[in-house]
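Contents: one structure, followed by commentary.
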2 protein chains.
Amino acid sequence: MRKRVQMHSSHANMHSMSHSWDDLRTVMCLVRAGSLAAAAKMLGLNYTTVARRVARAEDALGVALFERLTDGYQPTEAGLLVAEHAERMSDQSDTLLRKLQGQDASLRGSLTVTAPQLLIAHVLTRLIDEFCAAYPEIDLHIRATNDLLDLNRREADLAIRISRDPGDTLMGRRLTPQYSASFASPKIADQINANPHQMVDWIVYADYQTVPANVDPAYPNHRVRMTFDDMVAIRAAAQAGLGVARMPLFLGRASDGLVRVPVLPPQPYPEVWFVAHRDVWASAKVTAFREMLVPYMRSIRARFVP
Amino acid sequence: MRKRVQMHSSHANMHSMSHSWDDLRTVMCLVRAGSLAAAAKMLGLNYTTVARRVARAEDALGVALFERLTDGYQPTEAGLLVAEHAERMSDQSDTLLRKLQGQDASLRGSLTVTAPQLLIAHVLTRLIDEFCAAYPEIDLHIRATNDLLDLNRREADLAIRISRDPGDTLMGRRLTPQYSASFASPKIADQINANPHQMVDWIVYADYQTVPANVDPAYPNHRVRMTFDDMVAIRAAAQAGLGVARMPLFLGRASDGLVRVPVLPPQPYPEVWFVAHRDVWASAKVTAFREMLVPYMRSIRARFVP
DNA sequence: GAGCCAGCATGCGAAAACGCGTGCAAATGC
DNA sequence: GCATTTGCACGCGTTTTCGCATGCTGGCTC
């Protein structure tokens, strides 16, 4: 027999908000990820734990949050509602952590930097080396990816980006302007130089689908031979002599087996920016990195401009 | 005052997002409560657990959140920052739970009602009995307190309040107007009736500190004999013959050993309202309670008005 | 159709979190 | 001035939670 009526004369806090905030977060991640395994990876947990927490949350809330289908967990309307509010909780949590991080005056601990793959590989490795030597107690994490990591969600502490737009709540500092131009293997370059009227085979980004604008009118014949969605692959194709590719000067110049071809004169290309969230901009570690990066980039500016 | 020596493993993984939201909530409760024991009570935990969670949070964030003083945990600036953001997370959590509750169409489970102590005791007990009989599967929790519980924070699902203002995000329905008047023990009443010019000794609320306005001019002599901060105590004092007290009609009429004295003619007094949060207003259980309460209060309206 | 993989449930041993009891210090009450 | 209360730290035994291994299902490839 369970009790039907409870009298409370004192204001003892009894309201059954006994359910766990971590369970709400787990539900949110599962909605985002779509499967137990992906959500578990996001949370650094075993997927069994995710399943258990979701079950607990459903039990505590008295509502089904997911439909268990053979191809994964499908959120119900209630599950989406939970996820929506948990997102806002997550925003608060992220903001909090950023603010705490922004007050951190120590030059110890973790610092996560993200930058485009090829910028890291050809430009930043030396700086990274120097930074690690200068601040040996900082645990530097590099995320070399072309994805724009979400600095709001603290996927990285700072970013070096090839974009004019530092973003919404972010702050930015321009590191250098840069230009693009056309590059090809020496053999292709020789052929084109020998005969400007020969057909120029372009290797272009999948996004563009077309020959770059502003090609030199001295070379009238162009066609797109192939499209790629990855710059590393484009460069490899160009190196292998498959055609001409447009790429930033720093990249073409740093790539063995590629030479400039005059087909496309140097074109302004999105600038290189240092970007960080307002909240962490002034923190010791971010500042230390920035103050080493800015002069370094200035010193090698020649690699980016004609 | 002596501070406890704090050991922080300085290489705590500052960046593991894996830190617990529940720990943030624990910090928030400790800031609110001021002591481990009070926070633990709020959370339904042992205070040792609160201490451990706070220590974990400090370790994970790499910042001291509290100073351990002999008279309790004093939040640091960082602790206050954590609490501030956790409050917003808590708001989101509360909102979520309210919305889920608002969609709940079942007439089973828990329902928490709050009302002023004396209104429960003298007016609502019969209704509560009937409600429990009509909905035996609803677990009714009564919180009889004069504190205004926070319906936003789900300290109660619905409230019966003596106030014109249903509040900010709340909805309200007026149940009945009511009036107050002066009551005293029969002996005092006889004395005053026999000699209208005798000194009338008032027992008043600490908040007012003064004899009620609008006393009948036929009784010219008044003084405040004592002040109380509790209506139960005022009534007891009046019953014991210590003086005349102003109180709502329903209360004086329902109290043994008290009779009306004509010193203070019936005065308008704040109305009785049914109040609930928008989000839960239309839920099955709240609706069921309201639809039993409203006609009940109409049927006994005579007890509230002259 | 056999094999393979992604995705999930279940059971078990290990690890973490928890509650309780004890002990201590400072403030409070008689 | 001594007993009591409040508030906390620490150690121990227990409960809960977690990760891992196993087994199952349905869709996919060859």
Side-chain angles (χ1 to χ4, degrees), chain A residues 10-14 16-61 64-76 79 83, chain B residues 1-9 11-13 16-61 64-76 79 83 86:
Chain A
S10 75
H11 55 93
N13 244 334
M14 53 64 60
S16 66
M17 54 189 305
S18 56
H19 72 89
S20 159
W21 283 8
D22 282 326
D23 289 353
L24 298 183
R25 181 158 78 126
T26 306
V27 170
M28 175 192 76
C29 285
L30 181 49
V31 169
R32 272 196 210 163
S35 80
L36 292 181
K41 193 174 167 189
M42 206 179 286
L43 289 161
L45 295 170
N46 189 286
Y47 74 91
T48 339
T49 303
V50 176
R52 276 189 286 242
R53 287 191 182 179
V54 170
R56 263 204 321 240
E58 288 183 325
D59 201 45
L61 300 174
L65 302 175
F66 294 90
E67 290 178 30
R68 276 76 168 167
L69 303 179
T70 57
D71 57 337
Y73 273 51
Q74 181 75 22
T76 64
Chain B
M1 292 286 175
R2 183 169 55 96
K3 272 194 277 188
R4 190 178 75 88
V5 178
Q6 187 77 29
M7 301 279 288
H8 284 295
S9 62
H11 288 292
N13 36 355
S16 72
M17 317 259 288
S18 62
H19 83 274
S20 162
W21 284 7
D22 282 327
D23 290 352
L24 298 183
R25 182 160 77 125
T26 306
V27 169
M28 174 192 77
C29 284
L30 181 51
V31 170
R32 271 196 212 164
S35 80
L36 292 181
K41 192 175 169 190
M42 214 180 275
L43 289 161
L45 295 169
N46 188 287
Y47 75 90
T48 322
T49 303
V50 175
R52 275 190 286 244
R53 288 191 181 179
V54 169
R56 261 200 327 237
E58 288 183 327
D59 201 46
L61 299 174
L65 301 176
F66 294 89
E67 290 180 31
R68 277 74 168 168
L69 304 178
T70 57
D71 57 338
Y73 273 52
Q74 181 76 21
T76 64

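Only this structure's heavy atoms are used, side chains among them; waters, hydrogens and symmetry mates stay out.
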Just wondering, do A/Arg25 and A/Leu43 contact through their side chains at under 4.5 Å, heavy atoms? yes
Whole angstrom value for the distance that separates C1' of D/dT17 from CG of B/Asp23: 15 Å
Heavy-atom side-chain proximity of B/Val27 to B/Phe66 below 4.5 angstrom: yes
Would you give the length of the straight line joining atom CE of B/Met28 to atom OG1 of B/Thr26, rounded to the nearest 0.5 angstrom? 8.5 Å
Given D/dC8, D/dG19, C/dA9, which nucleotide is nearest the side-chain atoms of A/Leu45? D/dG19
Would you mind classifying the nucleic acid contact of B/Arg53 as base, sugar-phosphate or nothing, using non-hydrogen atoms under 4.0 angstrom? sugar-phosphate
Give a yes or no answer on whether the side chain of B/Glu67 reaches the backbone of B/Gln74 with a donor-acceptor pair at less than 3.5 Å. no
Report which part of the nucleic acid B/Ser35 touches: base, sugar-phosphate, or nothing (heavy-atom distance under 4.0 Å, all strands). sugar-phosphate
Looking for any heavy atom pair under 4.0 Å, which part of the strands does A/Tyr47 touch: base, sugar-phosphate only, or nothing? base
Nearest-Å distance, CG (B/Asp22) to C1' (C/dA16)? 15 Å
Using only heavy-atom distances, decide whether a donor-acceptor pair under 3.5 angstrom links the side-chain of B/Thr70 to the base of D/dC8. no
What is the distance, rounded to the nearest whole Å, between atom CG of A/Leu36 and atom P of D/dT25? 18 Å
Run the side-chain contact (heavy atoms from CB on, under 4.5 Å) check on B/Arg56 and B/Asp59 step by step: do they pass? CA-CA 5 Å; B/Arg56 261 200 327 237; B/Asp59 201 46; 5.6 Å; no
Integer-rounded Å distance: C/dT10 C1' and A/Arg68 CZ: 14 Å
Quick one: which of D/dC18, D/dC20, C/dC20 gets closest to the side chain of A/Thr48? D/dC20
Distance, rounded to the nearest Å, where A/Lys41 contributes NZ and C/dG7 contributes P: 11 Å
So does A/Tyr73 get a side-chain nitrogen or oxygen closer than 4.0 Å to the phosphate oxygens (OP1/OP2) of C/dA6? no
What is the distance from CG of A/Leu69 to C1' of D/dC24, rounded to the nearest Å? 17 Å
Rounded interatomic separation in angstrom, taking CG from A/Leu43 and C1' from D/dT17: 15 Å
In whole Å, what is the span from the CG atom of A/Asn46 to the C1' atom of C/dA15? 14 Å
Counting heavy atoms from C-beta on, name the nucleotide in D/dG19, D/dA9, D/dG11 closest to the side chain of B/Arg52. D/dG11
